[in-house]
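So the structure is just underneath, and the comments pick up after that.
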2 protein chains.
Amino acid sequence: MKAIIIIFVKMVGVENLSRKEQVIRAASELFKEKGYAATSMRDLAHALGIEAASLYSHIKSKEEILQALCFEMAKRFRRSLEEVESADINFSEKLRRGILGHIRVMAEELTASAVFMNEHRHLSQPYLRDFLLMRINYINRFKKIIESGIAAGEFKKVDTKLAVMTLFSSLNWMPLWYDPSGMINPNQLGNQLADMLIDGLKTK
Amino acid sequence: MKAIIIIFVKMVGVENLSRKEQVIRAASELFKEKGYAATSMRDLAHALGIEAASLYSHIKSKEEILQALCFEMAKRFRRSLEEVESADINFSEKLRRGILGHIRVMAEELTASAVFMNEHRHLSQPYLRDFLLMRINYINRFKKIIESGIAAGEFKKVDTKLAVMTLFSSLNWMPLWYDPSGMINPNQLGNQLADMLIDGLKTK
DNA sequence: CCTACCGATCGGTAGG
DNA sequence: CCTACCGATCGGTAGG
């Protein structure tokens with residue numbers, strides 16, 4: 001009897017979680033497509049085949065969905081970079097692996113990545129502030145890799161701000177044009193992007 | 001008497017135009033800051049110190065402002081590229097000048113550029129369709145320069161879609177981080193970006 | 001998860 | 001450029 005209750009409780013738990021997950025995923029698609037502000041809770045409810053009021057059994061507010069999305073993605077990106085930083089490799093290789101990791105995370109959650117990048121500004125305070133601090137920290141860690149590479153003589157003495165912003169621009173736009181069903185996989189894409197940025201377009 | 005009427009008519013014309021310009025510019029700032037959907041006509045009116053209803057003496061609708069902004073910028077970008085295409089220079093130089101032209105246009109209208117890039121999706125049909133066609137055409141002309149450069153042996157055999165999307169990502173994010181009051185001017189910025197993409201980060 | 005509903009705000013119009 | 005106002009829609013709550 002106890003076992004049955006535990007199973008039942010677990011199932012309810014799972015069901016709640018997965019229903020909330022479903023709501024967040026459906027929202028993610030709509031936020032990507034139409035933008036956060038232009039997506040209504042009625043749009044979202046319609047996509048799930050329920051009434052707008054019913055959404056509030058699973059989430060506290062529209063913004064809570066955006067918060068969950070943005071901070072979950074931020075966490076994944078951070079973890080991916082931490083693995084690279086601790087590796088004992090040269091700076092070109094660190095940069096390459098940082099790029100590969102970022103693209104892998106993005107490819108796993110293409111829709112959420114697009115929202116993460118385009119819609120985070122609709123976070124209210126203090127979430128927006130926290131989010132931006134995390135982002136600038138992440139960018140600065142890539143910048144440090146480039147600076148270290150310059151100091152070590154691996155990279156040219158470029159403007160590091162320009163270099164890192166160019167890198168991030170390229171990375172961040174990808175969810176908007178990358179076709180995961182296409183011929184090129186995330187790893188190949190990452191390697192080609194790294195080649196291009198590190199070695200340039202020009203034949204030697 | 002006739003002269004006076006003509007002068008009067010001209011002044012009214014200029015005044016209407018410049019007031020409409022003011023409305024579009026104020027809207028541009030708000031659209032960049034908060035996004036198109038999250039900017040209300042009351043926000044815009046407040047920024048101009050008038051009532052929301054008064055805006056409609058100068059513009060027909062909220063979307064008309066976005067249309068004016070987007071298509072004006074598209075026209076500028078197109079003109080800039082046309083000058084480059086007709087020049088008799090090699091493909092590295094064509095690419096470089098294309099980049100410089102794009103950045104110059106952006107730097108002249110930083111706010112409008114940011115809106116152009118981030119908010120065009122809120123255009124309704126058939127404007128959205130026209131806009132996207134113009135954009136794909138513009139991108140394809142850059143892509144052709146890269147393809148020609150590869151065919152001529154100037155560039156490596158990279159994935160041209162990746163190369164051109166990387167280029168555009170970098171260009172399009174600039175309005176969000178470039179500080180025109182900083183030490184680097186648009187020309188320097190363009191040259192450094194071109195150097196980086198064409199020659200790469202790595203020391204030879 | 002639903003029905004019924006709330007106050008606030010939206011883009012825009014009429015008429016001056 | 002204003003006052004006065006419109007119908008539609010917004011995010012969200014009460015209560016079941």
Side-chain angles (χ1 to χ4, degrees), chain A residues 8 11-31 33-70 115 119-125 127-128, chain B residues 8 11-31 33-70 115 119-125 127-128:
Chain A
F8 178 71
M11 279 175 65
V12 170
V14 168
E15 202 179 323
N16 280 346
L17 253 180
S18 88
R19 196 56 177 146
K20 185 169 181 176
E21 249 322 292
Q22 282 174 45
V23 170
I24 293 177
R25 287 196 168 267
S28 184
E29 303 278 352
L30 289 169
F31 292 170
E33 221 73 36
K34 316 176 50 159
Y36 175 80
T39 300
S40 74
M41 295 306 270
R42 279 145 182 99
D43 292 336
L44 176 54
H46 180 79
L48 291 158
I50 60 177
E51 293 300 316
S54 307
L55 290 167
Y56 293 89
S57 329
H58 306 105
I59 47 122
K60 284 200 274 293
S61 66
K62 184 184 180 186
E63 198 190 308
E64 193 207 34
I65 302 174
L66 186 62
Q67 288 161 12
L69 262 164
C70 287
V115 174
E119 307 298 331
H120 66 257
R121 64 168 155 183
H122 294 107
L123 290 170
S124 64
Q125 299 294 5
Y127 303 98
L128 180 58
Chain B
F8 178 71
M11 279 176 64
V12 170
V14 168
E15 204 179 319
N16 280 348
L17 252 181
S18 89
R19 196 56 176 145
K20 184 169 182 175
E21 245 328 287
Q22 282 174 44
V23 171
I24 292 177
R25 286 194 170 268
S28 183
E29 303 277 352
L30 289 168
F31 291 170
E33 221 73 37
K34 316 176 49 161
Y36 175 79
T39 300
S40 73
M41 295 306 270
R42 278 145 183 100
D43 291 336
L44 176 53
H46 181 78
L48 290 158
I50 60 177
E51 293 300 318
S54 307
L55 290 167
Y56 294 88
S57 329
H58 306 105
I59 46 122
K60 285 199 275 291
S61 67
K62 185 184 179 186
E63 199 190 306
E64 192 207 35
I65 301 174
L66 186 62
Q67 287 160 13
L69 263 164
C70 287
V115 174
E119 308 298 332
H120 65 258
R121 64 167 155 183
H122 293 108
L123 290 170
S124 64
Q125 300 293 7
Y127 303 98
L128 179 58

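We name chains A, B, ... by the order of the sequence lines, and we start the count at 1 in each one. Predicted, not measured: the structure shown is a model, and the values here were computed from it.
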Gap between atoms [atom1] and [atom2], on [X] and [N] respectively (whole Å):
X      : N       : atom1 : atom2 : answer
R19(A) : dC1(C)  : CZ    : C1'   : 9 Å
L44(A) : dT9(D)  : CG    : P     : 18 Å
I50(A) : dC1(C)  : CD1   : P     : 5 Å
E51(A) : dC2(C)  : CD    : C1'   : 7 Å
H46(B) : dC2(D)  : NE2   : P     : 13 Å
I65(B) : dG11(C) : CD1   : P     : 10 Å
Y36(B) : dC10(C) : OH    : P     : 14 Å
L30(A) : dC10(D) : CG    : C1'   : 16 Å

Is there a side-chain contact between [X] and the phosphate of [N], meaning an N or O under 4.0 Å from OP1 or OP2?
X      : N       : answer
S40(B) : dC10(C) : yes
R42(B) : dG12(C) : no
S54(B) : dC2(D)  : yes

If you count heavy atoms of other groups shown closer than 6.0 angstrom to CZ of R25(A), is the number above 12?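 No - once you tally the heavy atoms of other residues, nucleotides and ligands closer than 6.0 Å, there are 12 at most.
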Out of [options], which has the shortest distance to the side chain of [X]?
X      : options                  : value
S61(B) : dC1(C), dT3(D), dG12(C)  : dG12(C)
K62(B) : dG12(D), dT3(C), dG12(C) : dG12(C)
H58(B) : dC1(D), dG12(C), dA4(C)  : dC1(D)

Looking at every non-hydrogen atom in both residues, tell me the closest pair between A26(A) and L48(A) and how far apart they are.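 What the structure gives for the nearest pair is CB-CD2, 3.9 Å.
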Any side-chain heavy-atom pair of E119(A) and T39(A) under 4.5 Å: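 No, their side chains stay 4.5 Å or more apart.
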Counting C-beta onward and ignoring hydrogens, is there a side-chain heavy-atom pair between L30(A) and H46(A) closer than 4.5 Å?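 L30(A) vs H46(A): side chains apart.
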Can you tell me if E63(A) uses its side chain to pair, donor with acceptor, with the backbone of S124(A) under 3.5 Å?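 Between the backbone of S124(A) and the side chain of E63(A) there is a qualifying donor-acceptor contact (under 3.5 Å).
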Exam field: side chain S40(B) to backbone D43(B), donor-acceptor pair closer than 3.5 Å: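 Yes: the side chain of S40(B) pairs with the backbone of D43(B).
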Could you give me the CA-CA distance, side-chain angles and deciding distance for K62(B) and H122(B), then say whether side-chain contact (heavy atoms from CB on, under 4.5 Å) is met? CA-CA 11 Å; K62(B) 185 184 179 186; H122(B) 293 108; over 6 Å; no
Extract the stems that DNA chain D is part of, considering only consecutive pairing runs of at least three Watson-Crick or G-U wobble pairs, both distances under 3.5 Å.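 DNA chain D forms these stems: C:1-16 with D:1-16.
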